[in-house]
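Here the structure comes first, spelled out in C-alpha cells, and everything after it is commentary.
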Amino acid sequence: MGMTRRRFLTDLAALSACFPLSTGLTSNLLAGGGDASSGKMSKVVVVRDAGVLKDGQPLPDVVSSMLEQGLENLFGCDAVEAVRGIFGNIEQVGIKINCLGGRPLATRKEVTYALADLIANRTGNDYRVTIWDRSERELRGAGYEVATKGQIRCLATDSRGIGYERSIRESGNVGSKFSRLLTEHCDAVISLAVLKDHGIAGISGCMKNFYGAIHNPNKYHPNGCDPYVADLFRSDVITTKHRLSIVDGLVGIYSGGPGYKPRYRWEFKGLIIGTDPVAVDRICLELIEEKRKQMGKPPLKDDGRFPQYIFTAGSSGIGCSDISDIDLIEITRKV
Amino acid sequence: MRRRRFLRTLCMGTCGVLGSGLAPHTVLAQGEQFHKEAMFFEKLSDQRIRCLVCPRECMVDDFERGYCGVRENIGGNYYSVVYGRVCAYHVDPIEKKPLFHFLPGTTAFSIATVGCNMECKFCQNWEISQERPENVDATDIPPGKIAEAAGRYGSSTIAYTYTEPTVFYEYMIDSATEGHLKGIRSVVITAGYIKREPLERLAGEVDAIKIDLKAYSEDFYEKMCSSSLQPVLDAIVVARESGVWLEIVYLVIPTLNDDEGQIDLMCRWLLDHVGDDVPIHFTRFYPTYRLKNLPGTPVTSVERARQVALARGMKYVYVGNVPAGHPGESTYCPHCGHVVVKRTGYTVLSIDLDEGKCPACGTAIPGVWT
C-alpha cells in the first residue's frame with residue numbers, strides 16, 4: 001500500500017496528538033512508550049473492571065471499552081488515533097495469541113476480537129489483521145475458528161500453506177525456524193498473552209509468548225528460560241515488528257501453570273497494556289507475586305523459579321525491568 | 001538436492017525399494033501423535049513431571065514437552081509422542097554407523113524418529129533431530145513390524161540412529177525385544193547423553209552401542225552442543241562395564257576440537273577408564289546446519305588424530321569420511337600388524353579372522369564377529 005497525501009496527513013495528525021514531537025514515535029516506542037512528563041522510562045496501563053465477567057465469561061462490550069481506555073491512557077489520545085499512530089502505513093498486523101492452556105486459559109476471544117476489530121475496522125486504514133498461534137488444534141481447543149480469508153484472519157503456523165521458514169535464524173545460542181506468519185504475513189505484531197504462572201519460567205507473559213513463533217521452543221526452557229526469552233525477543237524479526245504488548249488478565253492462574261488448574265483460577269478482571277514488553281512482564285510478575293502472597297503461596301524465588309529472564313531482557317536493552325522506572329497507570333472501574 | 005528433500009526421498013524411496021512390507025502403514029498427517037507412556041520419570045505436585053531419561057532431568061509442566069520435544073506431559077502423566085512414529089528408515093551397511101568390530105559386512109535396518117536431547121551446531125541431520133514431530137512426515141511402524149522388516153531385508157541388526165535414540169527410548173526397547181524374538185540384534189548410535197539407570201537397562205536389551213564423544217572439553221559441549229561432557233564420559237564407562245559392545249566416534253572439527261593435546265588427553269582418559277581395545281573412529285566434519293563458516297576437515301587432521309591415539313596406546317583406531325580405500329579404514333592385528341578386516345568405504349573386502357583371532361599370530365581381536 002502506497003503512502004497517499006491523505007494517509008500521510010492522517011498519520012501525522014495521529015502522531016502529533018499521541019506523542020510529543022520532541023520525542024517522536026520511533027524513539028518513544030523504542031524507549032518503551034515512556035512518558036516524558038513522568039520522567040519514567042516506560043509506561044504500563046492496567047485496566048480492571050469488576051463487571052467484565054458474567055458467569056465467568058467476558059462481556060465483549062466491557063472488554064472493548066477496557067481495551068480502548070487502556071490504549072487511551074497509554075498513548076494520551078483516542079484509541080483509534082493511537083492505533084493509527086502505532087501502525088502508520090503498514091498493511092498487515094499480526095496478533096500473536098496464546099492458546100496453550102486450552103479454552104479456560106487461552107487468550108480470550110473477546111479480547112482478541114475487540115483488538116482486531118479496533119485495528120481492522122475502525123481506523124479506516126484497511127489494516128489486515130491476522131490472529132495466530134502455532135497450531136490449528138490449539139486454536140480450536142481455545143475456541144477460535146480458523147479463518148483464512150477476510151480483513152480479520154485466524155491462522156496457525158501449521159495451517160495449509162504457512163509453515164516455518166526453511167532457514168535457521170540465530171537466537172543467542174539456539175537456532176530456530178520462525179513461523180512464516182510472523183516473518184511474511186505480518187508487518188507488525190502485537191503480543192497478546194495470558195496472565196499466568198509457569199512451572200519453569202516463573203511467569204509466562206508477553207515476551208515468552210513468542211515461544212509459539214518458533215519451531216523448537218523446547219530448546220529454550222533450560223535455566224528457567226534465562227536468557228532464552230530475552231535472546232529470542234532480541235531476534236530482528238521480533239524487535240523490528242513488535243509494537244504492543246497486552247496481557248489478558250481477565251482470568252489467569254497464580255500457580256500451577258502453564259496448564260489450567262481450576263484451584264488456582266484467578267479472576268483478575270484486568271488487561272495489562274504497554275509498548276515495552278519487559279515492563280509489561282515486570283508488572284505481571286508483581287501482580288502474580290502479590291496474588292501468590294495473598295493466597296499463601298511462596299514467592300517464586302523460594303519456589304526456585306524466579307523469572308530472571310525479565311531482568312536479563314531489561315539489562316540487554318529490550319525494555320525496562322526496574323519497577324521504579326515504570327510509570328504504572330492503574331484504572332479500576334465499577335468497584 | 002536440498003537435505004530435507006534428500007531425507008524424504010530416502011524415506012519414501014526406501015519404501016519403494018523395500019517393497020510392500022512397510023508401505024501399507026499409515027503415513028501420519030502432521031499434528032497426529034503416537035503416545036506411549038514414558039519410562040523413567042517421576043510425578044511431582046501440580047501435575048508436574050521430572051524426566052529421568054537424560055541428564056537434563058527436565059521439569060515438564062502439563063501441556064509441555066521436555067528439551068527433546070518428543071516427550072510430553074499430558075495431564076500429569078508423561079508420554080513419548082514418537083512411539084512408532086518413524087521419520088526415516090533405511091538399510092545401511094553396519095560400517096556406516098560406524099561399527100567396525102560388530103558383524104562386519106552385514107546390514108543394519110536403520111530407523112529414527114524426530115527429536116534430540118542436544119543441539120549440536122554441526123548436526124548433519126538437524127532437519128529431523130531438531131524438529132518437533134508435528135512438522136515432519138512420518139510412517140507408523142510398530143516394533144514388531146520393524147523386526148519383521150529387518151529380517152525380510154536380510155539385515156542382521158536394527159540400528160537406532162540418525163537422530164538421538166535416547167529420546168525414543170520406549171520404542172527402541174520394544175523394537176529390540178521384538179528383534180531378539182526374531183533373531184535380529186540391535187545397535188544404538190547415540191551421543192551418550194543418558195542417565196545411568198536407563199542406560200543400564202538399555203545395555204541389557206541391545207547388542208552394541210556407538211557413542212559420539214564430541215570433544216574432550218566441557219566448554220565445547222556447552223557452547224557447541226548445549227549440553228555437558230561429564231555425563232557422556234559416565235555413559236561410556238557404564239556402557240563398557242555393562243558388557244555391551246562399545247565403539248567411540250570423535251568428529252574432528254577444524255579449530256574447535258582438533259587440538260592434538262586435547263585428543264591425547266581424551267585417549268588417556270579412554271585408556272584409564274575403558275581400556276585400549278575400544279575402537280575409536282576419527283571422522284571428518286563437513287560444514288552444515290549452524291556451522292557453515294568452517295571448512296571441512298582435512299584428511300590430514302583425522303590422520304594426525306589417529307596417530308596420536310595409536311601413539312598413546314589405543315589399539316583399534318580408524319578414520320572416517322575419507323576417500324575410500326584409506327588404510328585407516330581397515331582393522332589390523334595390534335600384535336603383528338596383519339590386516340584382519342580390509343575395508344574400502346563402507347565395503348568390507350575381506351575378513352581374515354580365525355574364530356575372532358588373528359590367523360597370523362593368534363591374537364584375539366575383540367568384537368562381535370558372528
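- In terms of the side-chain contact (heavy atoms from CB on, under 4.5 Å) criterion, residue partners of B:S227 (sequence neighbours excluded) are, by chain and number, B:R56, B:M118, B:Y193, B:Y221, B:C225.
- For residues 281-310 of chain A, a heavy-atom distance under 4.5 Å to chain B picks out no residue at all.
- Listed options B:D61, B:V60, B:L44 were ranked by heavy-atom pairs under 4.5 angstrom with chain A; first place goes to B:D61.
- With a threshold of 4.5 angstrom between heavy atoms, B:E57 does not approach chain A through any atom at all.
- B:D258 and B:V252 get closest at one heavy-atom pair: CB-CG1, 3.6 Å.
- Of the residues considered (A:G102, A:S135, A:P258, A:S176), A:P258 shows the highest number of contacts with chain B, using heavy-atom pairs under 4.5 Å.
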Inset, instruction - Check step by step if side-chain hydrogen bond (donor to acceptor under 3.5 Å, both in side chains) holds for B:S228 and B:Q230. - result: CA-CA 6 Å; B:S228 54; B:Q230 190 58 50; over 6 Å; no
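- In summary, the side chains of B:D174 and B:Y83 do present a donor paired with an acceptor at a separation below 3.5 Å, with no hydrogens or angles considered.
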Legend entry - Stepwise side-chain hydrogen bond (donor to acceptor under 3.5 Å, both in side chains) test for A:D226 and A:T312: CA-CA 7 Å; A:D226 183 40; A:T312 300; 2.6 Å; yes
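- Nearest heavy atom pair, residue A:Y113 against residue A:C154, reads OH-CB, 3.9 Å.
- For a heavy-atom cut-off of 4.5 Å, chain B lies close to A:H198, A:G199, A:I200, A:K208, A:H215, A:N216, A:P217, A:N218, A:K219, A:H221 in residues 198-221 of chain A.
- Checked against side-chain contact (heavy atoms from CB on, under 4.5 Å), B:Q47 has the following partners two or more places apart in sequence or in another chain: A:K261, B:D62.
- With a threshold of 4.5 angstrom between heavy atoms, A:S255 approaches chain B through side-chain atoms but not through N, CA, C or O.
- Here B:R71 pairs with B:E170 in a salt bridge; the nearest charged N to carboxylate O distance falls below 4.0 Å.
- Neither the backbone nor the side chain of A:R169 comes within contact range of chain B, judged by heavy atoms closer than 4.5 Å.
- With a 4.5 angstrom heavy-atom cutoff, A:Y260 touches chain B only via backbone atoms.
- With a 4.5 Å cut-off on non-hydrogen atoms, B:K121 touches chain A through its side chain but not through its backbone.
- Chosen from A:S167, A:G175, A:G259, the residue pairing most often with chain B at heavy-atom distances under 4.5 Å is A:G175.
- Closest approach of A:R265 to A:Y254, counting heavy atoms only: O-CE2, 4.2 Å.
- For the residue pair A:L181 and A:T157, the shortest heavy atom distance occurs at CD1-N, 3.5 Å.
- The candidate with the highest count of non-hydrogen atom pairs below 4.5 Å against chain B, out of A:G163, A:G101, A:G257, is A:G257.
- The candidate from B:M224, B:E119, B:K223 with the greatest count of non-hydrogen atom pairs under 4.5 Å with chain A is B:E119.
- For chain A, the nearby part of B:C68 is the backbone; its heavy atoms alone come within less than 4.5 Å.
- Between B:E72 and B:R65 a salt bridge is recorded (basic side-chain N to carboxylate O distance below 4.0 Å).
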Inset, instruction - Take B:S110 and B:T161, measure what side-chain hydrogen bond (donor to acceptor under 3.5 Å, both in side chains) needs, and give me the verdict at the end. - result: CA-CA 6 Å; B:S110 305; B:T161 180; 5.8 Å; no
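- The minimum heavy-atom distance linking B:A215 with B:L229 is given by the pair O-CD1, 3.4 Å.
- In this structure, B:E197 places its CD atom where only 12 or fewer heavy-atom neighbours from other residues, nucleotides or ligands lie under 6.0 Å away.
- With a 6.0 Å cutoff to the six-membered ring centre and a 45° limit on the axis angle, A:K177 does not count as a cation-pi contact of A:Y164.
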